[in-house]
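Have a look at the structure below, then the notes.
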Amino acid sequence: MIDGVVGDAKVSGGATVGTYLALAALNRVCDPRSKAGFADWSASTSLGRITKLSAGMLDHRRFWDAMDRVEIAAIDEVEAALTRRMIEVFGLDTHALILDMTNFATFIDSTNTRASVAARGKAKRKRYDLRLVGLGLVATRDGGIPLLSRVYPGGQPDITQFTPMIEELARRYTAAVERPVGMTLTFDAGQNSTPNFARLAELGLHFVGSVPPSSHPELLTRPATDRAIVDRYADEGLTALDARAQVLGTDRRVVLTHSPSLHAAQQVGFARRWPRPRASLTSWPPGSPAAGPAGRGPRCRPTSTRSSRRGGSPACCAPS
């Protein structure tokens, strides 16, 4: 399949590009090694008997030769072809997909100008001293099978990559299953924006997103009796409230959920973290800029609104 995109000509090692890339992927699944260590690992397996490739043909330089044959544009073609084939062979359920984005720190030297995708940015793992590579991924809800990936410079905000990702997803999905509807995409609040929601509507994609509780205080004031047990998760005590609200200027269906187990975990985490900030807050002297009126203690603004006293977390859905 890879050779069908990049060509089936053999590289200097005596095998095709597709063969080398398939072997590299197999190694990553079974026992990840560097390219320099691949030949030794292969010798301990049955690959030699199956592929008929000698140790010399598995030298790390042969893998580099194969990778040099793959143009950037060809990577998307290969991925799209693999996606179609996986859906055909394994019958993947593509009705519910998950989209997420993150970044990874690299040890690429700051003076290396050849790796333009590695850039300084907001590191998810707080490694601000390293250059980052961003990765967006769309996977199936069932099994977490990746269907679409997008690599982008680590200095670019995740939200800027959302539109090109869903456009490519719609194109591939239509080509793979021959119909543009029937899929629901789930993503977190980091992708919320009026242009992103508008593009989802234009593409005809259903979606489930997330909104911060602070944006809808009226939902958090609703009594617990307004929520009903979710049958599928009745054993966990999950309850939900189905309502409507204005989200980024559009009337949308909003579901407020409450998980007792998540609520309990949040309470434990809050109790563990609270003593330290409390000590810092109470140490401010009366009359300081951080103090409240008439020196009646500090006045502060919450830095997080992801949890509430009811443990609620609303999610927004496409208009229905």
Side-chain angles (χ1 to χ4, degrees), residues 98-101 122 124 157-160 162 184-201 205-234 236-282 284 288-320:
I98 302 170
L99 181 150
D100 197 15
M101 300 186 193
K122 185 177 181 181
K124 300 290 180 71
D158 295 347
I159 196 170
T160 63
F162 185 81
T184 299
L185 186 65
T186 300
F187 49 86
D188 61 26
Q191 313 307 325
N192 290 355
S193 76
T194 300
N196 284 350
F197 281 13
R199 190 59 179 140
L200 282 165
L205 299 178
H206 301 289
F207 67 91
V208 176
S210 176
V211 293
S214 60
S215 298
H216 302 279
E218 73 283 359
L219 294 178
L220 301 182
T221 61
R222 299 279 291 270
T225 53
D226 285 358
R227 300 193 303 267
I229 288 288
V230 179
D231 294 337
R232 185 171 181 178
Y233 301 98
E236 302 175 19
L238 182 70
T239 56
L241 167 65
D242 198 337
R244 300 197 72 85
Q246 287 287 316
V247 180
L248 294 178
T250 302
D251 179 66
R252 299 187 185 279
R253 181 185 182 188
V254 177
V255 180
L256 174 68
T257 61
H258 177 269
S259 167
S261 59
L262 176 59
H263 192 170
Q266 289 178 330
Q267 286 182 314
V268 172
F270 182 80
R272 289 178 177 175
R273 295 184 179 93
W274 172 237
R276 189 170 182 177
R278 180 181 182 181
S280 298
L281 291 171
T282 55
W284 284 331
S288 68
R296 292 194 299 269
R299 174 174 54 201
C300 60
R301 178 176 299 171
T303 57
S304 175
T305 56
R306 291 196 63 82
S307 62
S308 71
R309 63 185 178 87
R310 300 181 188 276
S313 180
C316 70
C317 308
S320 60

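Along the sequence shown, the residues carry numbers beginning at 1. None of these values were measured; they are calculated from a predicted model.
In this structure, the separation between NE2 on His206 and CG on Leu185 is 11.5 Å, given to the nearest 0.5 Å. Rounding to the nearest 0.5 Å gives a distance of 12.0 Å between CD1 of Ile98 and OG1 of Thr184. Rounded to the nearest 0.5 angstrom, Leu99 CG and Thr186 OG1 are separated by 9.5 Å. Once rounded to the nearest 0.5 Å, the distance linking CD1 of Ile159 with CE of Met101 reads 9.0 Å. Separation of atoms CZ (Arg199) and OG1 (Thr194) is listed at 15.5 Å; rounding is to 0.5 Å. With values rounded to the nearest 0.5 angstrom, Leu200 atom CG is found 6.0 Å from Leu205 atom CG.
Ring geometry for Phe207 against Phe187 counts as parallel: the plane angle stays under 30°, on a 0 to 90° scale with 60° as the upper cut.
Partners of Ser193 according to the side-chain hydrogen bond (donor to acceptor under 3.5 Å, both in side chains) rule, which considers only residues two or more places apart in sequence or in another chain, are Asn196. Taking Phe270 as the reference, Trp274 meet the ring pair (Phe, Tyr, Trp, His ring centres under 6.0 Å) condition, with sequence neighbours excluded. Partners of Asp188 according to the side-chain hydrogen bond (donor to acceptor under 3.5 Å, both in side chains) rule, which considers only residues two or more places apart in sequence or in another chain, do not exist here.
When Leu219, Leu256, Leu241 are each tested for a side-chain contact (heavy atoms from CB on, under 4.5 Å) with Asp226, only one passes: Leu241.
The nearest pair of heavy atoms linking Val230 to Thr239 is CG2-C, 4.2 Å. Shown here for Glu218 and Arg222, the closest heavy-atom pair between the two residues is O-CG, 3.5 Å. Closest of all the heavy-atom pairs between Asn192 and Ser210 is ND2-O, 2.7 Å. Across all their heavy atoms, Gly237 and Pro260 have their closest contact at O-CD, 3.4 Å.
Counting heavy atoms from C-beta on, the side chains of Lys124 and Asp158 come closer than 4.5 Å. At a threshold of 4.5 Å between non-hydrogen side-chain atoms, the residues Gln246 and Asp251 count as touching.
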